[in-house]
Protein chains: 2
Amino acid sequence: MQRDTAQRRAIRDVLLAANRPMSPQELLEDARSRVPNMGIATVYRTVKGLTELGWLVTVELPGEPQRYEVSGKGHHHHFSCNACGRVFEIHGCPSEMDKMLPKGFHMESHEVILYGRCDDCNQSRKQRG
Amino acid sequence: MQRDTAQRRAIRDVLLAANRPMSPQELLEDARSRVPNMGIATVYRTVKGLTELGWLVTVELPGEPQRYEVSGKGHHHHFSCNACGRVFEIHGCPSEMDKMLPKGFHMESHEVILYGRCDDCNQSRKQRG
DNA sequence: ATCTCTGCAAATGTTTTGCATCAGC
DNA sequence: GCTGATGCAAAACATTTGCAGAGAT
């Protein structure tokens with residue numbers, strides 16, 4: 001990750017503009033509006049490199065491809081829209097999770113994912129009636 | 001899923017004995033002690049069939065292969081051991097998750113996954129000192 | 001005996017890698 | 001011009017499917 005290429009700039013710009021975790025496929029589609037011939041391999045190589053640099057962190061949701069988001073946002077969780085498939089950041093954290101632990105188990109971290117409909121998808125449902 | 005074959009019996013028995021969600025690979029390894037030549041395709045076909053019958057439900061954890069567990073256990077979540085990689089059922093549910101929702105978002109379901117060390121792995125750490 | 005189920009191997013879909021060429025420095 | 005980065009295509013890996021033969025009924 002030494003050179004500042006058009007492809008890398010495109011991927012960084014797309015991620016900063018979207019402000020939500022994106023999959024390699026989503027990234028490729030958006031980045032191609034800036035660098036039309038970009039290959040998927042470049043996306044994978046770039047997000048891997050940016051993750052090793054600490055500029056990105058991976059976001060893994062059950063049963064879905066790995067996503068990437070800009071790092072440095074502190075502890076947070078995600079909301080996955082059942083209608084449009086996009087994933088959003090959410091803040092806050094449920095408490096009392098340690099009460100769920102079986103005896104002898106020790107918790108080191110946790111993951112919370114909420115599913116439902118995002119604001120955009122709720123709006124368009126209302127508009128349609 | 002009409003015939004009662006040795007392969008299907010093996011897979012059902014392994015799942016009932018383990019009492020935790022298992023991946024196709026785990027299932028194959030355990031089931032081969034009963035049916036040595038079992039193929040991985042049979043495992044995939046069987047868990048798919050048992051899921052359609054409602055006898056199994058899928059358990060998907062971020063970044064990990066799909067697991068299967070015996071159904072009918074009611075609402076619960078999972079604990080993934082960072083040491084041995086096994087996944088366990090946990091009961092109870094954090095509250096106040098709706099407070100994490102951004103404006104306009106509507107929650108339909110949720111997923112909670114705790115990570116840490118299971119009882120077995122904590123015990124063996126203690127024994128070693 | 002019939003027809004489903006199985007094991008193998010080939011196909012699929014996703015991510016990774018090899019390599020000749022391109023382009024940032 | 002040197003050498004890292006890219007695009008393409010092939011490889012790797014997990015899961016699914018096609019098919020001939022095995023086995024449950």
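A, B, ... follow the sequence lines: proteins, then strands. Residue 1 opens every chain. All figures in this text were calculated on a predicted structure; none of them were measured in a lab.
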Pull out every protein N or O sitting under 3.5 Å from an N or O of nucleotides 18-22 of chain D, one pair per line with the distance.
| residue | atom | partner | partner atom | Å |
| --- | --- | --- | --- | --- |
| dG18(D) | O6 | Arg45(B) | NH1 | 3.2 |

(request) Sequence neighbours left out, what passes side chain to side chain contact (heavy atoms under 4.5 Å, CB included) with Cys93(B)? Give chain and number order. (result) His75(B), His77(B), His110(B)
(message) Between Asp13(B) and Arg8(B), does any side-chain N to carboxylate O distance fall below 4.0 Å?
(response) no
(request) Check whether any side-chain N or O of Thr46(A) sits under 4.0 Å from OP1 or OP2 of dA5(D), and answer yes or no. (result) no
(message) Closer than 4.0 angstrom, basic N to acidic O: yes or no for Arg125(A) and Asp120(A)?
(response) no
Look for any protein N or O under 3.5 Å of an N or O in nucleotides 11-15 of chain D and output each such pair with its distance, or none.
| residue | atom | partner | partner atom | Å |
| --- | --- | --- | --- | --- |
| dT15(D) | OP2 | Tyr44(B) | OH | 2.1 |
| dT15(D) | O5' | Tyr44(B) | OH | 2.8 |

(request) Show which residues join Leu53(B) in its hydrophobic cluster (side-chain heavy-atom contacts under 4.5 Å, direct or indirect), or state none. (result) Met1(B), Ile11(B), Val14(B), Leu15(B), Leu16(B), Met22(B), Leu27(B), Leu28(B), Val35(B), Met38(B), Ile40(B), Val43(B), Tyr44(B), Val47(B), Leu50(B), Trp55(B), Leu56(B), Tyr68(B), Val70(B)
(message) Whole angstroms only, please: what is the CE-P distance between Met1(A) and dA5(D)?
(response) 7 Å
(request) Write down the atom of Glu64(B), the atom of Ser80(B), and the distance for their closest heavy-atom approach. (result) OE2-OG, 3.7 Å
Donor-acceptor pairs under 3.5 angstrom involving side-chain atoms of residues 100-109 of chain A: please list them, not counting sequence neighbours.
| residue | atom | partner | partner atom | Å |
| --- | --- | --- | --- | --- |
| Glu108(A) | OE1 | Asn82(B) | ND2 | 2.6 |

(request) Walk along DNA chain C from 5' to 3' and tell me the first and last nucleotide with an atom closer than 4.0 Å to a non-hydrogen atom of chain A. (result) dT15(C) to dC25(C)
(message) Given 3.5 Å as the limit, does a donor-acceptor pair link the side chain of Ser71(B) with the main chain of Val57(B), or not?
(response) no
